[in-house]
Each structure stands twice: as C-alpha cells, then as structure tokens.
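Note on naming: letters A, B, ... go to the chains in the order of the sequence lines (proteins, then strands), and numbering restarts at 1 for each one. Quick caveat: nothing in here was measured; it's all calculated off a predicted structure.
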Amino acid sequence: MKIPSLFDDGAEAFRKVPEVDYNHIKGPFDEGLCLLLNTTDHNPHRAEILGIGLSRNQQQAVYVPIRHQGAENVADALPILKQTLQDPSIKKIGHDLKSHIIALKRHGIELRGPLRDTMIASYLLDSNRSNHHLEGLSEEYLQITLRIPDKSRNLSLEEHAELIGERLLCIRRLEEVLFKRLSDSALEGLYNNLEEPLIPILAEMEMVGVKIDSQRLKDLSKELEEQLGSIKARIYSIAGERFNINSTQQLGHILFEKLHLKPTKKTKTGYSTDIDTLSQLATVHELPAEILNYRTLSKLKNTYLDALAEMISPQTGRVHTTLHQAATATGRLSSSDPNLQNIPIRGDWGSRIREAFVAEEGCLLLSSDYSQIELRVLAHMSGDERLIEAFRADKDIHTATAALLFKVSEDHVSREMRRVAKVVNFGILYGMSPYGLSEALKIGTTEAAEYIGNYFNLHRGVKDYIERAIQSARDTGFAYTLFGRRRAIGDINSTNKTLRQQAERIAVNTPIQGTAADLIKIAMIRVNSAIKAQGLTSRLILQIHDELLFETPCQEVETLKGLVKREMEGVETLSVPLKVDIHHGPNWGGAH
DNA sequence: GCCGTCACG
DNA sequence: ACGTACGTGACGGCA
C-alpha cells in the first residue's frame with residue numbers, strides 16, 4: 001500500500017523565502033487563511049515570532065521569516081501581513097489560535113475574523129483525548145506522520161519553511177475533516193456559539209493577567225519559613241532522629257516501623273501516609289498531627305508563595321496564567337503555569353494568600369460566583385420536585401436536605417445535620433456508593449446506606465435521573481450536557497464491574513458538571529459583550545469553574561455589579577433560578 | 001517520568 | 001473478597 005503523501009494532489013512545496021512573493025499571501029481568501037507561527041518559546045506570553053507560515057488554499061503555503069540569522073530585512077514582513085491578519089472578513093484557520101492571538105498581539109497585531117481552530121474541533125469531538133497535539137490528530141485523521149523538529153540543532157530557513165509548511169497543509173486538511181465531523185455530530189452550534197467566541201476572551205484574560213503584591217508574598221513566605229523551622233525541630237525531637245519529612249518512604253519507616261503505629265491502608269509503593277491515615281493516627285500519637293501541620297504549611301509556602309512569586313512577569317508585575325480550553329473531559333477550563341484555579345481559600349492562610357492578589361491603583365477586584373450551580377443543574381435536569389421547590393423558595397439547600405433526611409423542621413436543623421446533608425448532596429453529584437459516603441462521614445456502611453435510601457425515597461426525580469443518565473450512556477456510548485456537549489463513556493458496558501461502575505458515576509456526573517461549565521462559558525461571552533457595549537473598561541481576569549473575577553475601576557464597580565448579575569443569572573432559563581453572589585474589595589481576600 | 005500528596009471547584 | 005465520589009495541576013521524592 002502506498003503511503004499517502006502531503007503532496008499527492010499537487011500541493012506545492014514551500015516557497016522558501018526570504019524574498020517573499022507577497023502575491024502568494026494576498027487574496028482571494030475564499031477558503032480562509034490558514035496560519036502557523038514559528039516561535040522561540042512554547043509560552044506565547046514570552047515567545048518571539050521567528051516566522052509565520054500562511055496558506056490560502058490546500059495547495060500552496062509560504063513561510064515568511066520574521067527574524068532569522070543571515071536573512072536581511074525580514075523584520076518588515078509583519079506590517080505587510082497586518083491588514084490581512086486583522087481583516088474581520090477573512091476566516092482564520094489554525095491549531096490553538098489563542099496562542100497565535102497572544103503572540104501576534106505582542107507584535108501589535110490583532111488577529112480577527114471567524115476562527116476555525118482544529119484543536120478545539122478535536123476537543124469537542126473527543127474530550128477524553130489525553131491531548132490534541134497536531135501530530136496525533138494528523139496520524140489519526142489523515143494518516144500522515146509529522147516530523148518532529150530536532151531541538152538540539154539550529155534549523156536553516158529552508159528547514160523551518162518545510163516543517164512549518166508540512167504542518168500548515170495538515171491543519172488545512174484537518175479543518176475540513178474535523179469540521180465536517182462536528183456538523184455530523186451536531187456539535188457545530190457548540191463550536192460557533194460557545195467555544196469560538198471564547199477563544200479571544202481567554203486570550204485577553206491571559207494577556208491582562210492578575211496583579212500580585214510580591215512584597216506580601218515575600219513577607220508571608222518568611223513568616224512560614226520560621227514556623228516550618230520550629231515544627232521541623234519538634235518533629236525531629238519526637239521522632240528521635242532527623243529525616244526527610246517530605247519523603248513518604250522515610251516517614252512510613254518512622255511511623256510504622258520505628259514507632260510501631262498501625263498502618264491502616266497502603267499504596268502501590270508502601271504505607272499510605274495521607275491525610276486520612278495521619279488524622280486517625282493523631283488520636284494515638286503526637287507525631288502525625290505535627291506532620292500534617294508541616295505538610296499544610298510547606299505546601300502553601302512552596303506552591304502558593306515561592307513558586308507563584310517566580311511566575312510574576314517582570315514586564316507587567318502580574319501573573320499570566322495559561323487557560324486551557326481543550327483539557328478536561330467534562331468541558332471545564334483548566335489553568336496552568338501557574339494554576340490560578342486552585343489558590344487557597346480556606347482558613348487563615350487561605351485568606352492571607354488571597355490578599356496578595358490585588359487590583360491596580362484606583363481599581364477593585366469583583367468576584368461573582370454562582371450559588372450551588374451544580375445542584376441547581378441537577379434540579380433542572382432531573383425535574384425533581386422537592387429540589388426544584390427548595391431552589392424556587394431560595395432555601396439553603398443543605399439545610400433543606402437535612403430537614404428532609406432527619407425529619408425535622410428547617411429551624412431545628414443542627415450544624416451536624418447540615419454537615420451530613422451537605423456531604424450527601426455532593427455525594428449524589430458524584431454517584432457515590434454507601435461505602436464512599438461512610439468513608440466521607442466516618443460512619444458505618446449500614447448507616448450510610450440508610451441516608452442514601454432515605455434521600456432517594458424523598459427525591460424520586462433524582463433517582464430517576466441517575467437511572468436515565470446511565471441508560472442513555474449504555475445506549476449511545478456518550479454522556480451529554482444540556483447544550484449537546486458529549487463525552488464518550490467507553491466502559492459503560494464493560495464486563496469488569498469496577499470499570500463499569502466507575503463509568504456509571506462518570507455518566508451521572510458529566511452532564512451536571514459539563515452543563516455548569518457550558519453555562520458559565522456562555523455567561524463569560526455575554527458579560528464580555530455587555531461590558532464592551534456599555535463602554536466599560538472593567539476586565540474579566542479569571543474563571544474558577546463557578547466564579548468570575550473582574551478588575552474594575554472604582555467608579556465602574558456598581559455598574560459592573562448590576563451587569564454581571566444580570567448576565568450571569570439570565571444566561572439561560574432553567575426550571576430553577578440561577579443565583580449569583582457578588583463581592584468586591586481591593587484584593588481577593590475573604591474580608592470583602 | 002511516575003507516585004503520593006494536596007490545593008481548588 | 002474486592003473496590004469503593006466527579007473534575008483538575010503542582011510539588012517533592014525517587015528510580
């Protein structure tokens with residue numbers, strides 16, 4: 001069998017320029033303009049553009065060098081391309097266009113026009129993929145093996161041109177294949193109305209970044225350094241020797257061999273020393289509590305003070321996270337380098353760390369979060385009467401659940417009863433078993449089974465929803481959100497019970513988590529449009545799954561508050577109201 | 001590069 | 001007897 005080649009149907013190899021014939025990249029752009037940047041760095045926030053590959057059809061591509069040793073006058077290329085790249089009537093095709101938007105913006109160009117992103121298309125088709133790299137997609141959908149550039153070697157201009165060109169033609173063909181599949185799978189609406197408009201918004205959020213009070217981080221780090229020093233000394237004294245507290249291996253040796261404490265569970269590699277184990281051991285020995293304290297504080301210091309400080313851009317004094325639009329199986333975004341979606345919030349140290357996230361002079365941070373969005377989505381999708389009634393009456397949902405579970409009136413619900421009900425409510429979202437609930441609540445499995453049975457007797461709609469979700473996954477092989485986003489559930493009909501049950505929990509949870517993700521994405525688009533339409537200068541700077549964080553000039557804060565509440569609560573009409581809580585202050589700390 | 005652990009929703 | 005709640009990303013240790 002003949003191996004298909006890129007150039008089978010007469011595609012031209014690349015014009016290896018420095019002497020660019022710009023006619024090649026002038027119109028017509030009936031098929032859109034496909035582009036691929038060649039940059040010095042993977043991270044677009046610091047990447048310099050070495051060159052840009054362009055193609056206006058499936059046959060031709062050119063490589064335009066911007067900066068290359070030995071090539072003259074190449075720096076003039078970007079201004080010539082600017083008009084075309086900024087033309088909103090020309091469709092732009094690319095793989096991970098958000099990176100392109102950011103890198104080009106740093107060179108003064110605003111990439112505009114309908115965006116056809118092959119990475120996002122692949123994600124909508126199969127959100128379970130571990131990645132959506134061009135290499136893998138080309139293999140799978142085009143049966144073309146892309147060459148990997150040899151990083152240890154400086155490539156010649158011709159080599160750059162060839163590698164970029166090869167990729168460009170793959171992107172063009174992928175666009176055709178993937179977007180055809182999107183429309184065949186009824187996913188085009190999700191692309192056009194949700195993911196595509198989100199691309200420039202995420203680019204903007206990353207570019208704006210979040211201002212950090214670096215002195216505050218340093219002060220907190222110093223304070224923790226001192227605390228950790230004294231905890232460490234106590235640990236060594238109790239253990240009777242010095243050892244690496246961070247090593248689970250060495251810690252296991254001290255706890256379970258030297259001190260003869262009882263191991264309660266084990267990991268693949270040895271004794272478990274996780275939080276559950278150590279909390280239990282803390283009732284019989286003084287060392288485990290010290291270890292837990294040490295771990296908490298060293299995590300805060302290492303990850304959220306020292307590492308975060310390193311990520312502050314010297315140019316902007318802000319941190320510029322990367323937001324991933326094609327990362328999670330459910331449709332949520334993720335954040336990395338640094339991850340700003342898991343900044344501590346609980347406890348004294350959580351608040352103190354968030355106080356280092358600040359607004360620009362004359363500005364405030366405004367945070368708006370959906371109240372109980374996943375349980376509201378469950379109420380809508382299940383149609384459960386009691387759940388719907390509770391939300392319509394604007395009740396505290398955990399208190400309402402507790403009142404039902406324990407058969408008392410709502411004003412007789414104790415803190416403990418509410419705590420149990422809260423765990424049960426979250427357990428429902430995750431498809432928990434009696435065992436899972438018993439572990440979470442530290443109660444017997446019989447008692448846990450009673451709670452669950454009790455809950456389902458009171459919430460027949462939820463029970464039915466769970467059965468429907470599982471049956472639908474069995475029939476279609478997918479879990480679907482309210483907006484048609486899908487996630488393949490491969491093991492739903494597995495003969496392996498463990499795998500099958502895991503798949504069933506995914507089938508129950510994904511529509512809930514995924515619908516909530518869809519809703520907040522739509523809200524981001526609406527809020528951004530409304531901010532623009534009203535001529536405000538407030539900026540959306542972060543999304544944390546059910547929360548949006550804005551930076552806003554002090555004089556705009558009241559206007560923004562109204563706008564955000566309106567757009568977020570009105571994003572979609574469900575059978576229960578959506579509720580948004582809003583706080584603002586000079587920083588992200590809890591004392592707004 | 002994987003593992004255990006733990007920060008968040 | 002087994003395995004046992006959904007979704008992420010980052011850190012330090014270790015092979």
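Within the 4.0 angstrom heavy-atom criterion, no nucleotide atom of any strand lies near E439(A). Among the protein residues, A329(A) comes within range of the sugar-phosphate backbone only, with heavy atoms under 4.0 Å from sugar or phosphate atoms but none that close to a base. Heavy atoms of Q502(A) sit under 4.0 angstrom from primed sugar atoms or phosphate atoms, though from no base atom. Residue contacts for I544(A): at a heavy-atom cut-off of 4.0 Å it reaches the sugar-phosphate backbone alone, with no base atom in range. Residue K268(A) is in sugar-phosphate contact alone, with no base atom involved, counting any heavy-atom pair closer than 4.0 Å across all strands shown. Using a 4.0 Å heavy-atom criterion, one finds that A307(A) contacts the sugar-phosphate atoms exclusively. At the heavy-atom level, I343(A) lies under 4.0 Å from the strands shown only through sugar-phosphate atoms. Contact annotation for V423(A): base contact, defined as any heavy-atom pair under 4.0 Å involving a base atom. The residue S335(A) sits close only to the backbone: its heavy atoms come under 4.0 Å of sugar-phosphate atoms, none of a base. Residue contacts shown for I345(A) are limited to sugar-phosphate atoms, with no base heavy atom under 4.0 Å away. Across all strands shown, R500(A) has no heavy atoms under 4.0 Å from either base or sugar-phosphate atoms. Here I512(A) lies out of heavy-atom contact (under 4.0 Å) with every strand.
The base of dC6(B) is paired with the side chain of K299(A) by a donor and an acceptor separated by under 3.5 Å. If you check distances only, the side chain of Q341(A) never reaches the base of dC8(B) with a donor-acceptor pair under 3.5 Å.
Protein atom NZ of K266(A) is 9 Å distant from nucleotide atom P of dC2(C), rounded to whole Å. Look at CH2 on W349(A): it is 15 Å from P on dC8(B), rounded to the nearest Å. We find that CG of L308(A) is positioned 16 Å from P of dA7(B), with the value rounded to whole Å. Atoms OH (Y304(A)) and C1' (dT5(B)) sit 12 Å apart, rounded to a whole Å. Remark: P of dG4(B) and NE2 of H253(A) are 20 Å apart, rounded to the nearest angstrom. In this entry the distance linking CG of L542(A) with P of dC8(B) reads 15 Å, nearest Å. Separating the CZ atom of F426(A) from the P atom of dG7(C) is a distance of 16 Å, rounded to the nearest angstrom. Across the protein-nucleic acid pair, D369(A) atom CG and dG9(B) atom C1' stand 11 Å apart, rounded to whole Å.
Using a 30° and 60° split on the angle between ring planes, Y480(A) and F478(A) fall in the tilted class, from 30° to 60°.
Looking at the side chain of R354(A), the nearest of the listed nucleotides dA7(B), dC8(B), dA5(C) is dC8(B). Here dT5(B) is the nucleotide among dA5(C), dT5(B), dT8(C) with the atom lying nearest to any side-chain atom of T273(A). Taking only side-chain atoms of N509(A), from C-beta outward, the nucleotide of dC11(C), dA10(C), dC6(C) with the closest atom is dC6(C). Listed nucleotides dG4(B), dA7(B), dG9(C) differ in distance to P344(A); the shortest reach to its side chain belongs to dA7(B). Of the candidate nucleotides dC14(C), dT4(C), dT8(C), dT4(C) has the atom lying nearest to any side-chain atom of R505(A). Closest approach to the Q249(A) side chain among dG9(C), dC6(C), dA15(C) is made by dA15(C) (side chain taken as heavy atoms from C-beta onward). Checked against dG9(B), dG13(C), dC6(B), the side chain of D274(A) finds its nearest nucleotide in dC6(B). Set against dT4(C), dG9(B), dG9(C), the side chain of S433(A) has dT4(C) as its closest nucleotide.
Map P338(A) and Y435(A) each onto its nearest nucleotide of DNA chain C; the residue landing nearer the 5' end is Y435(A). DNA chain C is contacted by both T248(A) and Y430(A); Y430(A) maps to the nucleotide lying nearer its 5′ end (nearest heavy atom per residue).
Within the structure, a side-chain polar atom (N or O) of S272(A) is placed less than 4.0 Å from OP1 or OP2 of dT5(B). Here R295(A) reaches the OP1 or OP2 of dC6(B): one of its side-chain N or O atoms lies under 4.0 Å away. Under 4.0 angstrom from either OP1 or OP2 of dA5(C) there lies no side-chain N or O belonging to Q501(A). Contact between the side-chain N/O atoms of T328(A) and the OP1/OP2 oxygens of dG7(C) is not found at any separation under 4.0 Å. Applying the 4.0 Å criterion to OP1 and OP2 of dG13(C), one finds that N246(A) has a side-chain N or O inside that range. Applying the 4.0 Å criterion to OP1 and OP2 of dG9(B), one finds that R346(A) has a side-chain N or O inside that range. Phosphate contact (OP1/OP2 of dT8(C), side-chain N/O of R332(A), threshold under 4.0 Å): absent. For T269(A) and dG4(B), the shortest distance from a side-chain N or O to OP1 or OP2 is below 4.0 Å. Taking only side-chain nitrogens and oxygens, S247(A) comes nearer than 4.0 Å to OP1 or OP2 of dC14(C). Put simply, N339(A) has no side-chain N or O that comes within less than 4.0 Å of OP1 or OP2 on dC8(B).
Looking at every heavy atom in both residues, M311(A) comes nearest to V319(A) through O-CG1, 3.6 Å.
Side chains of S336(A) and N339(A): no donor on one and acceptor on the other come within 3.5 Å. Under 3.5 Å, the side chains of R487(A) and N128(A) contain a donor-acceptor pair of N or O atoms.
Taking 4.0 Å as the cut-off between side-chain N and carboxylate O, R234(A) and E290(A) count as a salt-bridged pair. Salt bridge annotation for E206(A)-R318(A): absent, with no cationic side-chain nitrogen under 4.0 angstrom from a carboxylate oxygen.
Formation of a donor-acceptor pair under 3.5 Å by the H398(A) side chain with backbone atoms of M417(A) is not found in this model.
Here, dG4(B) and dG3(C) have their P atoms 14 Å apart, quoted to the whole Å. Using P as the reference atom, dT4(C) and dC3(B) are 15 Å apart when rounded to the nearest Å. Nucleotides dC2(B) and dA5(C) are separated by 23 Å at their P atoms, to the nearest Å. Distance check on atom P: dC6(B) versus dA1(C) gives 30 Å, rounded to whole Å.
Base pairing of dC2(C): no nucleotide in any strand meets the Watson-Crick or G-U wobble criterion (both distances under 3.5 Å).
Between F406(A) and Y451(A), the distance from one ring center to the other falls under 6.0 angstrom.
Within 6.0 Å of atom NZ in K497(A), 12 or fewer heavy atoms from other residues, nucleotides or ligands are found, so the atom counts as exposed in its surroundings.
Between atom CD1 of residue I582(A) and atom CD of residue E547(A) there is a gap of 11.0 Å, rounded to the nearest 0.5 Å.
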